[in-house]
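Below is one structure; the comments refer to it alone.
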Protein chains: 2
Amino acid sequence: MTREHPSNPVVLDATARQVLQVFSEKSTALFAPEAPVPDMDNCPVRDVLARVGDKWSLLILVTLSQKPHRFSALQRQVGDISKRMLTQSLRMLERDGLVSRQVFPTKPPSVEYALTALGEAALVPVAALLDWAAGAHDDIRAARRRYDAEAG
Amino acid sequence: MTREHPSNPVVLDATARQVLQVFSEKSTALFAPEAPVPDMDNCPVRDVLARVGDKWSLLILVTLSQKPHRFSALQRQVGDISKRMLTQSLRMLERDGLVSRQVFPTKPPSVEYALTALGEAALVPVAALLDWAAGAHDDIRAARRRYDAEAG
DNA sequence: GGGGTATGGTCTCAAATGTAGACCGACTGC
DNA sequence: GCAGTCGGTCTACATTTGAGACCATACCCC
């Protein structure tokens with residue numbers, strides 16, 4: 001049974017491979033897979049995933065990267081987020097120190113949300129990710145068509 | 001009530017700011033916020049978020065970055081994922097061409113999952129993100145303590 | 001033949017999570 | 001007074017997730 005994987009045609013350049021290599025070594029530690037009681041609650045990977053892995057958080061962060069927004073402007077901009085989730089996501093982002101919340105005691109009180117320094121810093125790797133996403137989008141859609149074609 | 005935003009003490013270096021700047025310009029287009037019918041289904045940002053934003057997908061990708069895994073090995077490694085979600089996530093990753101699935105007709109059939117070239121490429125920005133996460137983890141936890149302290 | 005192991009899943013049901021939208025109090029403009 | 005804005009909260013309903021039973025196959029041991 002000669003088994004060959006689709007055998008990576010090596011798309012990555014040397015730098016990329018090195019990044020991955022270093023990362024792979026680190027990730028072993030980050031996951032702590034052999035710890036008797038894997039410290040799930042304190043694992044940075046899990047932790048950031050809980051934030052980034054939230055459908056809305058990233059979208060909010062990206063929106064705020066353009067300029068500070070008020071609550072309802074934010075909702076309009078993101079588009080299909082419900083007030084409930086927007087409130088909830090903003091609270092978590094604020095709690096994590098990625099977003100700041102400032103209330104102006106105007107007649108109908110207005111609230112402005114903005115990125116903190118930490119939030120801006122977070123956007124750097126996020127930007128890289130989305131940048132890759134934009135580039136890989138065609139490949140992904142092609143893969144989907146292929147997959148769907150041979151197994152509808 | 002003089003409240004001031006935590007007024008970004010400028011943590012980002014010039015390069016980072018530039019990346020963000022370029023990204024911010026792009027993101028406007030990516031979101032297509034003013035399109036009459038924002039093309040949600042075709043938006044690369046949304047699209048990648050649907051995958052990356054899946055709690056398990058990233059964890060699986062990272063695990064596979066170490067070496068190919070079989071189904072049950074993958075489950076053991078990730079830890080607290082149910083078979084159901086593991087199956088589901090793997091199917092999507094396979095469909096998107098990030099992961100390959102190979103069946104060996106052994107006595108109890110075994111199935112091996114591995115990263116494709118596209119999957120490896122995806123890990124480069126992901127690695128950067130998790131790398132940042134590891135570094136920022138302390139700041140985030142500090143922010144949380146602060147937040148929880150002043151509003152329990 | 002029984003009992004145990006292991007394989008990669010699928011299926012079902014309950015619990016958790018997300019969504020839509022009504023509602024709120026304070027205020028503005030008409 | 002009537003309607004609208006603002007930043008939410010609350011409730012009822014829909015979708016998603018998780019835990020675990022179950023399956024067919026085949027090995028091992030006795």
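Letters A, B, ... are given to chains in the order of the sequence lines, protein chains preceding strands, and every chain is numbered from 1.
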> Looking at residues at least two apart in the chain, or sitting in another chain, which of them share a side-chain contact (heavy atoms from CB on, under 4.5 Å) with A/Ser110?
Replying inline: A/Arg70, A/Phe104, A/Thr106
What pairs of nitrogen or oxygen atoms, one from the protein and one from nucleotides 9-18 of chain D, lie under 3.5 Å apart?
| from | atom 1 | to | atom 2 | distance (Å) |
| --- | --- | --- | --- | --- |
| D/dG18 | OP2 | B/Trp56 | NE1 | 3.4 |
| D/dG18 | O6 | B/Arg84 | NE | 3.4 |

>> Nearest whole Å is fine: how far is D/dG7 P from A/Leu90 CG?
In response: 11 Å
> Would you say the side-chain atoms of A/Thr63 pair up with the backbone N or O of A/Val78, donor to acceptor, closer than 3.5 Å?
Replying inline: no
> With the threshold set at 4.0 Å, does a side-chain nitrogen-carboxylate oxygen contact exist between B/Arg141 and B/Asp138?
Replying inline: yes
>> Test of understanding: with side-chain contact (heavy atoms from CB on, under 4.5 Å), list the residues that count as partners of A/Met85, not counting sequence neighbours.
In response: A/Trp56, A/Ile81, A/Ser82, A/Gln88
>> For B/Lys55, give me all partners under side-chain contact (heavy atoms from CB on, under 4.5 Å), at least two apart in sequence or on another chain.
In response: none
> Once you round to the nearest 0.5 Å, how far does CG of A/Leu64 lie from CD of A/Gln77?
Replying inline: 9.5 Å
> How long is the gap from CG on B/Leu115 to CG on B/Leu98, to the nearest 0.5 Å?
Replying inline: 8.5 Å
> Quick one: how far along DNA chain C does chain A reach, first to last nucleotide 5' to 3', anything under 4.0 Å to a heavy atom?
Replying inline: C/dG18 to C/dT28
Polar-atom pairs under 3.5 Å, protein N or O versus N or O of nucleotides 24-26 of chain D: list them with distances, or write none.
none

> According to the salt bridge (Lys or Arg N to Asp or Glu O under 4.0 Å) rule, which pairs have a member within residues 81-91 of chain B, sequence neighbours left out?
Replying inline: none
> Once you round it to whole Å, what is the distance between P of D/dC6 and NE2 of A/His69?
Replying inline: 14 Å
>> Tell me every residue that passes side-chain contact (heavy atoms from CB on, under 4.5 Å) with B/Ala142, counting only those two or more places apart in sequence or in another chain.
In response: B/Arg145, B/Arg146
>> Which residues pass the salt bridge (Lys or Arg N to Asp or Glu O under 4.0 Å) test with B/Arg144, not counting sequence neighbours?
In response: A/Asp47, A/Asp96
